[in-house]
Amino acid sequence: MNRLSLKMKLTLLYSFFMMCITCVVMGVLLSISNREIRGLVGVNLQNRVVKSIEDIEVEDGELDIDSDFYSLDHNIYLSLYTTDAFFLYGKIPYDFTSIPPFLDRKLQVIPQKEEKWYVYDVLCELDGYGQVYVRGVTSLTDSENNFHITLRIAMILFPLFAVFTAVIGYRFTSRTLLPVRKILDTVQRIQRDADLSCRIGLEEHKGKKGDEIYNLAETFDQMLDQLEKAFQREKQFTSDVSHELRTPISVILAQCNDCLANDTMPEEQRMKITLIERKAREMSEMISQLLLLSRADQGRYQLNRERMNVSELTEIIAEEQQWLAEEKKIEIIKEIEPNLFACVDETFYIRMLVNLLSNAIAYGKLGGKIWIRLEAKGDRIQGCVQDDGIGIAEKELEHIWKRFYRADISRTKTDGENHSGLGLSMVKWIVEAHGGNVWVQSSLGEGSQFYFEIPTNFNDSLMFGDYS
Ligand code: ADP
C-alpha cells in the first residue's frame, strides 16, 4: 500500500466508500421494493375480488356475470364457489390444483410445488343461490420473478458502476492533485537547477481562491519571491564588497612595491613588507575570484570564446606551472594528444587549469608526480589532472566544489599559499559555462584525479550559471 501513489490511494478509498454506500443503498431499496411488490400484489387482489362482486347478478334464477369477471386483469383469476366448495363459475390457474379452505376476507399465501399463490375470498349473498364465495387467485412467484430480474440487472450493472466510479474517482483525484504535482515539479526543478526564479504559478486555478492547495502554492510562490530577492541582495552585496575592496588592496600593493624599491630599507622591515605584499596579493586574487563568481551568479559574465588549439595551450600552462612544482620537487608529466581544437575562452581556460594544477602541487607529496592528460572523446575533449598526494576523503568529495569549502584544514594546510576554498567552485563554473562537466576520483593518502570534459563546439545557451 505504501508504494501506491497518493492519487491511487485516494481513488481506491473513494471507490471503496462509493461501493459500500451503493451496496447499502441498493440493499435497502431492493428489500423495500420486494416488500412493496408483495404488498401491492395483495392489495390489487383484494380490490379486484371486492369489485368483481358487482359483476355478478342473478337473472331469472340464472347467473348473469359480466365478461370483466373472466378477464385476467393484473393476472388475477376470479372464480365463484358455493360454501361447500362447489365450483360455479370463473377461471382457475392451470397450475393451481389445490382448493384451500375458504376464509372470508383473509389473504392466504398458499405454497404449491415451486410456486407461491395469493388467495383471497369474499363471502356474498346471491338471490336464489344463497351465500357464495368469490375467490381471487394470483401468482406471487410471477411478481417475485419480476423482482429477481430487476435484482439480476442490478447485479450486472454493479461492476460496471464500480468501474465507472473508479474512473471518475481517478480523474477527479488527478485533477484535484494537479496543483500538488506542480508544486512537487517546481521544488524538484529548483533543487536540480538551483534556479530560484521558478514559480508554481497556478494560473488556471485563479477562480479557486479559497482552495487550500491554491493558497499553499500561492504562499510558496511568495516565499520564493522573497528568497530570490534575498539571494539577489546577497549576490549584489558580495559583488559590491569585492568591487570596493579592490581599490584599497591595489593601494596597499602599490605602497608595498614603493617601499620594497627602497634599497636602504633594513632587512627586518623588508621582510615584513614582503609578507604584507604577499598577503595583499593573495587577498587581491581572492577578491577577483569572488567578484567573478558573484558576477557569474548574476549572469553578468559572458565568455569570450574562440576556436583555439587547446593542446598547445595546455602544454604552455603545464610548463609554466613546472617552476612552482619544482619547489616541492614535483615532476609534471604531460600526456597531451596534439592538435585538439575547441571553442574556449582562453583566460578562463588558463584559470581553470592553473587552479587544478596549483591544487595538485599544493596537495601533492614532496618529490611526487603530477600527470596532465588531454584526449579527444567524440565531440568532446577530456582532460585530467592527477596527483599522488594526500587525496580526499570520500565524505568530502561532494563538498569540495562549494565556495569557501576546505577539506579538513589541518590536514590540507598549505603554507602561505593562496588557498581560500574558491578554486574548485571557479573550476566548476568555468567548465560548466563552456557546456562541459567536471568530476573527481580520489583515495585518501593515494592521490586525486580531477576530470573535465568540454565540447569542441560550444552552445551559447550555456554561458551563464549559478553554481553557489
Ligand atoms: P583551496 O583554495 O582550499 O585549494 P579549492 O576550492 O581549490 O580550495 O579546493 C577545495 C578543497 O578541496 C581544498 O581545500 C582541498 O581540501 C581539496 N582539494 C582540492 N584539490 C585537491 C587535491 N588535488 N588533492 C587533495 N585535496 C584537494
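Just so you know, these numbers come straight off a predicted model, no measurement behind them. Whatever order the structure lists ligands and atoms in, that order sets their numbers, starting from 1. Residues: numbered from 1 along the sequence shown.
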### Message
Does this structure show an ion pair linking Arg305 with Glu346, if we count only N-O contacts that are shorter than 4.0 Å?
### Response
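No salt bridge links Arg305 with Glu346.
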### Query
Any salt bridge between Asp225 and Lys229, counting N to O under 4.0 Å?
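Salt bridge: no.
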### Query
Among Leu444, Val427, Val440, Asn359, whose heavy atom sits nearest atom 20 (N) of ligand 1?
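Closest candidate by heavy-atom distance is Asn359.
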#### Entry: Option with minimal heavy-atom separation from atom 2 (O) of ligand 1, where the choices are Ala393, Gly421, Ser425, Gly391
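Minimum heavy-atom distance to atom 2 (O) of ligand 1 goes to Gly421.
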What atoms of ligand 1 come within less than 4.0 Å of a heavy atom belonging to [X]?
X: Ser448; answer: 22 (C), 24 (N), 25 (C)
X: Gly423; answer: 5 (P), 6 (O), 7 (O)
X: Ile400; answer: 10 (C), 12 (O)

### Query
Between the side chains of Glu115 and Ser139, is a donor N or O closer than 3.5 angstrom to an acceptor N or O?
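Distance-only check passes for Glu115 and Ser139.
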### Query
Taking atom types as modelled, is there a side-chain donor on Gln289 or Glu285 under 3.5 Å from an acceptor on the other?
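Yes, Glu285 and Gln289 have a side-chain donor paired with an acceptor closer than 3.5 Å.
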### Query
Heavy atom of Phe450 under 4.0 Å from ligand 1?
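Judged by the 4.0 Å heavy-atom criterion, Phe450 does count as contacting ligand 1.
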### Message
In this structure, does ligand 1 have an atom that sits under 4.0 Å from one of the heavy atoms of Gly389?
### Response
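No; Gly389 lies far enough from ligand 1 that no heavy-atom distance drops under 4.0 Å.
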### ligand 1-proximal atoms of Asp387, by part, heavy-atom distance under 4.0 Å
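The answer is the side chain of Asp387.
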### Query
Backbone, side chain, both or neither: what part of Ile392 comes under 4.0 angstrom of ligand 1, heavy atoms only?
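Side chain only; the backbone of Ile392 stays clear of ligand 1.
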### Task
Please indicate whether Gln108 has more than 12 foreign heavy atoms, meaning atoms of other residues, nucleotides or ligands, lying under 6.0 Å from its CD.
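Yes - once you tally the heavy atoms of other residues, nucleotides and ligands closer than 6.0 Å, there are more than 12.
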### Message
Thr186 vs Arg199, test: side-chain contact (heavy atoms from CB on, under 4.5 Å). Steps then yes/no.
### Response
CA-CA 7 Å; Thr186 310; Arg199 293 291 178 274; 5.7 Å; no
### Query
Does the separation of the ring centres of Phe348 and Trp429 fall below 6.0 angstrom?
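Yes, they do, as the ring centres are separated by less than 6.0 Å.
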